[in-house]
Number of protein chains: 2
Amino acid sequence: MQTIQTVARIAGVSVATVSRVINNPSVVTEKTRIKVEKVINDLNYEPSVHGRNLRTSESRLLLILIPSISNPFYADIISGIEKTAFEQGYITFIYETDSHHGRKKTYSNLLRNRLADGIISMDPTVNKQELFSLANQYPVVQCSEYDVEGSISYVAINHKLAAYDAVKYLIKLGHKKIALINSHSKYLYSRERRKGYEKALNEFNLPINTDWIYNTQKLSFENGQRASSMLLNMDEKPTAIFAVSDILAIGALKEVNMRGLKIPNDMAIIGFDKISFSNMTHPTLTTISQPRYEMGVTSATMLIEKIKGKQTKSIILDHELVIRNST
Amino acid sequence: MQTIQTVARIAGVSVATVSRVINNPSVVTEKTRIKVEKVINDLNYEPSVHGRNLRTSESRLLLILIPSISNPFYADIISGIEKTAFEQGYITFIYETDSHHGRKKTYSNLLRNRLADGIISMDPTVNKQELFSLANQYPVVQCSEYDVEGSISYVAINHKLAAYDAVKYLIKLGHKKIALINSHSKYLYSRERRKGYEKALNEFNLPINTDWIYNTQKLSFENGQRASSMLLNMDEKPTAIFAVSDILAIGALKEVNMRGLKIPNDMAIIGFDKISFSNMTHPTLTTISQPRYEMGVTSATMLIEKIKGKQTKSIILDHELVIRNST
DNA sequence: TTGAAAGCGCTAACAA
DNA sequence: TTGTTAGCGCTTTCAA
């Protein structure tokens, strides 16, 4: 391993000068700078993160908090975060809260211990109190998730408006009986999307039938299927389903297919998230797309600004209705 | 931030003793140990990674190399790695080679720079020469991927046998015309799986028809669909398809569905990997399951042993044929 | 503009 | 068994 000492010796300068060339080149004469830079290049030298961090107590590591890496929703966000962070000299690592469940030492120690310079939290199930108190001391941003009562800046879409757009689109297609497969109301996005659903119905003077509103514990394929089955067993069936996740929608779609009903004629379905698989179903799924990669880029940028001491403001990004063959 | 100094002062011992309690408790008297441990607990103290690493030049960070995080195949493997690593005091971070393509400074600098103690590579496209030379100096293991000519220990399944099992199963069902949708032959797993395919055909005296062997550049849904379309346009159509990935198989399935043909009666389909979506298609997909989580656990264990200087042997794990409704 | 030197938190060699 | 201390690689203050 090459150290700053080696560079200094070969270049015939002191370690302080090498450090200056790296961190504050303007105070070094051009001649010295070029000489040192040549040695750095020749040796393929990079400063030791640990040496630097011990001195400055910054780690240039960013922590990403997600429930589970197997949820495809997070993949593009993470790519966006990773790319942005790397470009700015930060490395990211992922902490899956699901698999660390019940541990005494949690992700917050990684911050307190200066292993990470900041956190991007995307976990809706995370202990809010812990997160808020952490955010008082350390840089924290929320991505996709957010809390109105908290003071943590976030990157997200307007969930209410997105749901409104989806349901309004169904209404415009002539649907009057629209079911909602929602997640648990403890999640803000779930409450917001329900508001959007109700707003659209109200606007067109359609009654809100709570029998057609189904809440699931978990955004799973099986739960989507179960919800769909329940709706199809009703005397008065809906003619369209708005599901708050593609996985739920795909479960619903499977159940409709299995019963030999036609999509979208017998039942129209809209999902949420535009996961890649939503384009592989038969028929392909109409869905709301969140700008996931951009959300990742934005939240990483925001976190790094926060780390550098700047003020940051929450950002709402645009969603998009992607019309395909299930409606 | 609490340091070892604080702990030492409060416990009324030297920093060396605190360090011993943490790293080598057996040399400390029980009385001292208990006293120090109490302070450590009270303060919620954890040693600084940077201080420790600067001293020992180990980082307790593990690097995971994958092409892209959006490929669902890697999710469970990563979970297995992460969990195992965390339990042993290591933190993992992910480096996506796709998104860092064309960069001068690559993942190898992270090792040379002691930011990571070792690498688990799962990238089939990685520069082998670079990986081999890196493995001479640093702990490296391969997971899922491997190279016969290299000396890097790996965790994988027996691809030839897995393909053989899949094709033999189709033959037992009565199929005589079996197509293979394969990836590019530059990948070892692709060559191995083809060998397994041919072995099964040979064993039952079925001819190998190269028209029915389709190679794709990329394991994408679209390529699966394209391959399937080509096979269905033939004068002499196969009656079954073995695809080397579920995504390809799902593409093939979509094309068959779109043409109004019945699965498995008109066309049987087997995929590979048992990704979660393979259970959500209509009909559900028969597939070969790789023990992904276990592969992750095993490779992390192997890497940590290697880091600790132990010899490690490559491990072949068992695959499983998961019979569902597409055959 | 450059260099010398202190010190970040930790471990381990040596001394007691 | 415990304490003292050097030094890992780096940045930054102070001095020249």
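Basis for what follows: all heavy atoms, side chains included, without hydrogens, waters or symmetry-related copies. Lettering follows sequence order; numbering is per chain, from 1. Model, not experiment: these values are computed from the prediction.
Separating the CG atom of B:N24 from the C1' atom of D:dT1 is a distance of 12 Å, rounded to the nearest angstrom.
Applying the salt bridge (Lys or Arg N to Asp or Glu O under 4.0 Å) test to pairs two or more places apart or on separate chains, those with a residue in residues 124-142 of chain B are B:K128-B:D147.
When the side chain to side chain donor-acceptor pair (under 3.5 Å) test is applied to A:K35, no partner is found at least two apart in sequence or on another chain. For A:Y154, the ring-ring contact (aromatic ring centres under 6.0 Å, His included) test picks out A:Y146, with sequence neighbours left out.
With hydrogens and angles ignored, the 3.5 Å screen pairs no side-chain donor or acceptor of A:N24 with any backbone N or O of A:R20.
In this structure, CZ in A:R33 is found 13.0 Å from CD1 in A:I22, a value given to the nearest 0.5 Å. Annotation: the span from A:T125 atom OG1 to A:D98 atom CG amounts to 6.5 Å, rounded to 0.5 Å. If you take CG on B:L62 and CD1 on B:I304, they are separated by 5.5 Å, rounding to the nearest 0.5 Å.
With 3.5 Å as the limit, one finds a donor-acceptor pair spanning the side chains of A:D273 and A:Q290.
Rounded to 10 degrees, the angle between the two end axes of the helix from C:dT1-D:dA16 to C:dA16-D:dT1 is 40°, with five pairs used at each end.
A heavy atom closer than 4.0 Å to some atom of DNA chain C occurs in no member of residues 27-40 of chain B.
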(request) Mark up nucleotides 8-16 of chain D, 5' to 3', with B wherever a protein heavy atom is under 4.0 angstrom from a base atom, S wherever such an atom reaches only the sugar-phosphate, and - elsewhere. (result) BBBBBB---

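Between B:Y189 and B:Y187, the angle of the ring planes stays under 30°, which puts this pair in the parallel group of the 30/60° scheme.
For the side chain to side chain donor-acceptor pair (under 3.5 Å) with B:S153, the qualifying choice from B:E305, B:K306, B:K313 is B:K306, the only one to do so.
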